[in-house]
Each structure stands twice: as structure tokens, then as C-alpha cells.
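One-based numbering, in listed order, for ligands and for the atoms of each. Quick note: residue numbers are just sequence positions, from 1.
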Amino acid sequence: MEEETSKAALPDGFLDFLKENGLDPSIYAESHSTPRYIRLKPGCEAQIEEIEGEIKCKLEKVDWLPGFYALPPDVQIANSNAYREGKMYGIDAASGAAVSALNISAGDHVLDLCAAPGAKLCLILDILGDSGSVTGVDVSSHRLAACRTMLQKYALGNHCRLFVADGTTFSLLPLRIHSDPKSCESALEENVTFKEWTSRRPWKERKKAARVRKSGAVHSGNQLPELIYYGRHSGVVGLNKSELYQTFRDSELMSCGYDKVLVDAECTHDGSIKHVQKFEHWGWETLQRRVLDAERSDSLTVLQLKLLTNGFRLLKAGGLLVYSTCSLTVAQNEDVVKQFLEENPLAELQAIDGAENWPSKNGQLPNTLRFDPLTSKTSGLFVAKISKLAI
Ligand SMILES: C[S@@+](CC[C@H](N)C(=O)[O-])C[C@H]1O[C@@H](n2cnc3c(N)ncnc32)[C@H](O)[C@@H]1O
């Protein structure tokens with residue numbers, strides 16, 4: 001009966017899309033009761049009762065994912081003081097699982113290749129605390145600007161730098177040597193150093209960045225990555241432009257690359273029930289155009305493979321990469337990973353620690369995982385963990 005209701009609520013085009021991709025529409029049957037999830041900023045756990053009082057509901061601990069809490073789907077948090085003051089984040093538990101699969105430890109240098117709007121990036125920074133670094137990259141300048149706002153809201157930016165760039169060609173290594181944050185020159189010219197970041201950028205610099213964006217150079221990968229934010233301890237302060245934008249040989253990447261890379265790739269979002277639900281308001285025709293278009297799906301798989309390949313190139317030997325999408329189609333997940341493994345003999349799929357207790361199912365490739373909304377009571381997500389072997 002419930003399945004019938006959900007089928008009736010989904011448009012024919014979407015049902016056809018699910019059928020073509022071998023996906024059972026019943027995974028959306030309980031979508032309207034899927035909980036929403038939050039995590040608390042480290043240090044705010046003692047304030048749980050106060051927060052519960054404010055949002056007028058109990059925070060139910062997610063027993064399989066430390067630090068996460070479930071709430072009924074209709075509870076609003078955006079207007080609460082706790083949210084406004086940056087004490088809690090809205091983030092789906094499956095997203096938390098993707099970050100957990102990276103096994104981040106203190107001091108890691110992490111690359112987040114599709115970072116915006118930044119829910120996973122913030123979690124990574126909270127795990128790292130006062131150590132390591134995070135480099136966030138996204139091709140969309142307005143989405144990455146929202147990510148920067150989030151870093152500022154949660155006071156998380158100290159060890160982070162953000163670049164508007166094409167993740168398929170991004171080529172900057174982590175800055176392992178931290179420079180002197182007191183250096184105080186402008187970095188507009190090659191030979192002067194970056195001073196502390198400020199939101200008030202010189203007019204000339206803003207104009208130049210706008211020109212580059214307008215020309216489409218970011219998308220074509222012909223332009224230097226645009227640094228739109230860097231924290232005091234991100235390693236940028238005190239460098240000059242040529243030091244920041246140094247290029248490296250691929251052989252150097254094996255020892256100097258990132259410890260961890262997250263490729264949370266652009267996808268059709270069909271597994272994300274929250275995303276699908278938005279189309280109830282935007283109109284199902286928009287879903288047809290943005291999600292189901294076959295040509296778009298084909299070019300997406302090419303993009304996903306390129307992002308995964310470049311993310312892996314930037315990983316050091318012994319490092320770990322997580323590939324995730326909020327699509328549940330095999331084409332955007334197992335097929336992409338399979339082709340990538342065939343082309344990259346140094347890549348090996350790894351079991352995800354702790355996943356035996358997660359409400360996920362096995363993917364079609366060994367060690368890959370699928371969170372479907374019905375079984376997991378989370379938003380849909382595919383997760384694969386890949387290590388880079390030494391030569
Ligand atoms: C699924 S979202 C990432 C969500 C993000 N990781 C988070 O947790 O908030 C995918 C992102 O990929 C970005 N993207 C699309 N093509 C890209 C490319 N070629 N290089 C880098 N980012 C890209 C999109 O702008 C979008 O922000």
C-alpha cells in the first residue's frame with residue numbers, strides 16, 4: 001500500500017529513470033519519514049539539553065556513527081540560536097559515513113576535490129582540529145563562496161584554503177611547511193608574499209577574477225586556480241605566488257601528495273531523497289531536465305572518472321581516497337570505479353572500517369557500500385574507499 005503511495009507521488013519520468021537503471025522505486029517508499037541528521041560542534045555536547053529545549057525535541061544519538069543525532073524530519077533548526085551560533089551542523093548521516101571512511105588522523109593533509117557547499121569539509125576540519133590542512137576545490141564560485149561563509153560561521157578556517165578550480169585538472173600539492181603568519185605584504189605581484197586573508201580584496205584583484213570567470217577559463221582548466229580563502233595556518237601566509245602555484249612532476253606526487261582525498265563527485269542526485277523532494281516544489285519538469293536527461297548522465301560519468309583519476313593522481317603512496325556520489329545508479333558508481341581500477345594498477349579497493357555496523361548494503365564491487373534511503377534511513381549514497389600502493 002505504502003509502495004503504491006510512493007509510486008504515485010513520483011513522476012513517470014523519474015520512475016522510468018529508476019527502471020532503466022535497475023533501481024527499485026520502493027527505496028523511496030518512506031522518504032517523508034526519513035529523519036534529518038545533525039552533528040554538534042566538538043565541545044558543545046554538554047549543551048545537548050539546552051539545545052533540545054530550544055528546538056523542542058530530543059536529539060536521538062545515531063548508534064552507528066559517533067557525534068551524529070537524528071531528528072524528526074519536520075523539526076526546523078535554522079532559526080534556533082544553537083544553529084545560528086554555530087553549535088550544530090545539518091549533515092546527513094550517510095555523508096558522515098563517507099568522511100568516516102577516510103580514516104582521517106591528526107596531521108593529515110586532505111584534499112576535498114568537490115567541496116561545496118562544504119558539509120563534509122567542515123566535518124573533516126573538525127576531526128583534524130588544530131593540525132594538518134584541508135584544501136577545498138570546487139568549480140562553482142558561488143557554491144564555494146557559500147562554503148567560505150560556512151567556514152567563517154563555524155570558525156573552522158584556520159587550516160583551510162579554498163580554490164575555485166576544475167577538479168579534473170587541479171594540480172597543487174599540500175603545503176607541508178607552515179610559513180610565518182606575520183608576514184605582511186600584498187601577494188598581487190609574483191615576488192611579494194601573501195598576508196593574512198581578508199574579505200576586503202583589492203578592486204583590481206576582484207575585477208581580474210570576475211574577468212576570468214566570465215571567460216570560462218576555470219571550466220576549461222586553462223587558468224590558475226583562484227584562491228578565494230586561506231586560513232592563518234593553511235601554509236599560504238608568507239608564501240609568494242610562484243611558491244603557492246608551484247608545479248610538480250608526477251613522480252614527486254607519490255611522496256609529497258595528499259594523505260587523504262575525498263572525491264564527492266557531481267552526480268544526478270537521484271539517491272538523495274532530500275534533493276528529489278525539492279522537485280515537488282520546483283516542478284517535476286525541472287527534475288526531468290536536470291536529472292534524467294540521458295546525455296547529461298553520459299557526460300557526468302566521464303566527469304566522474306576524470307575527477308576520480310585526478311584525485312588519485314594527487315594522493316601520496318599509502319594514502320586513502322574516498323569516492324562518493326548521491327546517485328544510486330551503477331553507471332555513476334561501480335562502473336566508474338571499475339573502469340578507474342582497470343586503468344590504475346596502483347589503486348586497490350579497501351574495506352571500510354566499522355562498516356559492518358552501518359545500515360548500508362554491499363555494492364556490486366567488493367568493499368563498496370550503498371546507503372539506500374529505505375534500509376539506511378539516510379539520504380542515498382554510494383561510497384568506495386581506495387588506497388594507493390607504493391610502486
Ligand atoms: C555532491 S556536490 C559536493 C558536496 C560537498 N562535498 C558537500 O559535502 O557539501 C558536487 C560538487 O561538485 C562540483 N563540481 C562539478 N564539477 C566539478 C569539477 N569539474 N571540478 C570541481 N568541482 C566540480 C559542483 O559544483 C558541486 O558543488
Side-chain angles (χ1 to χ4, degrees), residues 37-39 68 89-102 104 110-127 134-151 153-154 156 160 162-172 213 216-226 228 260-276 278 290-291 296-297 299-314 321-329 332-333 336 371 378-383:
Y37 294 89
I38 60 133
R39 68 181 184 86
F68 277 71
Y89 305 76
I91 175 171
D92 192 77
S95 295
V99 172
S100 167
L102 271 174
I104 288 172
V110 184
L111 172 64
D112 186 348
L113 206 52
C114 297
K120 298 183 191 73
L121 181 119
C122 287
L123 175 53
I124 294 168
L125 282 161
D126 265 336
I127 296 171
V134 179
T135 299
V137 174
D138 204 284
V139 79
S140 160
S141 56
H142 74 274
R143 284 173 65 88
L144 203 62
C147 180
R148 178 178 58 196
T149 304
M150 189 133 98
L151 288 183
K153 171 180 171 184
Y154 290 101
L156 272 176
C160 184
L162 297 177
F163 290 99
V164 176
D166 185 341
T168 66
T169 51
F170 183 77
S171 226
L172 301 180
R213 277 200 291 274
V218 172
H219 300 267
S220 66
N222 290 334
Q223 185 62 31
L224 281 182
E226 186 197 347
I228 68 155
K260 307 282 160 64
V261 175
L262 176 63
V263 181
D264 187 34
E266 178 73 355
C267 68
T268 49
H269 307 289
D270 53 89
S272 164
I273 198 60
K274 294 269 179 329
H275 196 82
V276 171
K278 283 182 196 160
R290 289 214 204 142
V291 179
R296 179 168 187 267
S297 301
S299 61
L300 266 181
T301 57
V302 174
L303 172 66
Q304 288 156 345
L305 182 61
K306 283 186 181 169
L307 287 166
L308 175 52
T309 303
N310 195 41
F312 187 74
R313 187 178 73 86
L314 295 167
L321 178 150
V322 163
Y323 174 78
S324 54
T325 79
C326 60
S327 167
L328 291 174
T329 73
Q332 294 175 69
N333 296 310
V336 169
F371 288 82
T378 68
S379 196
L381 203 79
F382 170 88
V383 188

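Between Val137 and ligand 1, not a single N/O pair is under 3.5 Å apart. Looking at Ala116 next to ligand 1, an N or O pair under 3.5 Å apart turns up. Inclusion of Leu303 in the set of residues having an N or O under 3.5 Å from an N or O of ligand 1 is not warranted. Taking any N or O of Lys120, backbone or side chain, at least one lies under 3.5 Å from an N or O belonging to ligand 1. Where the criterion is an N or O separation shorter than 3.5 Å, residue side chain and backbone included, Gly167 meets it with respect to ligand 1. For the pair Asp264 and ligand 1, the shortest N or O to N or O distance falls below 3.5 Å.
Residue contact annotation: Leu307 has a non-hydrogen atom under 4.0 Å from ligand 1. Not a single heavy atom of Ser95 lies less than 4.0 angstrom from ligand 1.
Heavy-atom proximity to atom 15 (C) of ligand 1, evaluated over Glu266, Arg143, His142, Met150, is greatest for Glu266.
Taking both residues in full, the closest heavy atoms of Asn310 and Phe170 are given as ND2-O, 2.9 Å, listed atom of the first, atom of the second, then distance.
Exactly one of Asp92, Asp126, Asp264 qualifies for a salt bridge (charged side-chain N to carboxylate O under 4.0 Å, His left out) with Lys120. That residue is Asp264.
Residue Thr325 does not touch ligand 1, judged by heavy-atom distances below 4.0 Å.
Of all protein heavy atoms, the one lying nearest to atom 12 (O) of ligand 1 is Cys114 CB, 3.4 Å. In terms of protein heavy-atom proximity, atom 25 (O) of ligand 1 is nearest to Asp138 OD1, 2.7 Å. For atom 22 (N) of ligand 1, the closest heavy atom belonging to the protein is Val139 N, 3.3 Å.
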| request: Under the side chain to side chain contact (heavy atoms under 4.5 Å, CB included) rule, what do Asp270 and Gln332 come out as? Steps first, then yes or no, please. | output: CA-CA 11 Å; Asp270 53 89; Gln332 294 175 69; 4.0 Å; yes
| Candidate pair Thr325 and Gln304, rule side-chain hydrogen bond (donor to acceptor under 3.5 Å, both in side chains), full reasoning | CA-CA 9 Å; Thr325 79; Gln304 288 156 345; 5.6 Å; no
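Expressed to the nearest 0.5 Å, how far CG of Asp166 lies from CG of Leu307 amounts to 7.0 Å. In this structure, Leu321 CG and Leu262 CG are separated by 7.5 Å, a value rounded to the nearest 0.5 Å. Here the SG atom belonging to Cys267 is positioned 10.5 Å from the CG atom belonging to Leu303, to the nearest 0.5 angstrom. Note that the CG atom of Leu314 and the CG atom of Leu111 stand 6.0 Å from one another [nearest 0.5 Å]. Rounding to the nearest 0.5 Å places CZ of Phe312 at 14.0 Å from CG of Leu113. To the nearest 0.5 Å, atom CG of residue Leu151 and atom SG of residue Cys160 are 5.0 Å apart.
Close contacts between ligand 1 and Gly118 involve ligand atoms 7 (C), 9 (O) [criterion: under 4.0 Å to a heavy atom]. For ligand 1, the atoms sitting less than 4.0 Å from at least one non-hydrogen atom of Ser140 are 25 (O), numbered in the order shown with element in parentheses. Close contacts of ligand 1 with Ala115, meaning ligand atoms under 4.0 Å from a residue heavy atom, involve 5 (C), 6 (N), 7 (C), 9 (O). In summary, the atoms of ligand 1 found under 4.0 Å from a heavy atom of Leu113, numbered by their order in the structure, are 21 (C), 22 (N). Within ligand 1, the atoms closer than 4.0 Å to a non-hydrogen atom of Pro117 are 9 (O), numbered from 1 in the order shown. Of all atoms in ligand 1, numbered sequentially from 1 with element shown, those under 4.0 Å from a heavy atom of Asp166 are 18 (C), 19 (N), 20 (N).
Between Tyr89 and Tyr154, the two ring planes are parallel [angle under 30°; tilted spans 30° to 60°].
The main-chain N or O of Gly96 is never found under 3.5 Å from a side-chain atom of Ser100 such that the two would form a donor-acceptor pair.
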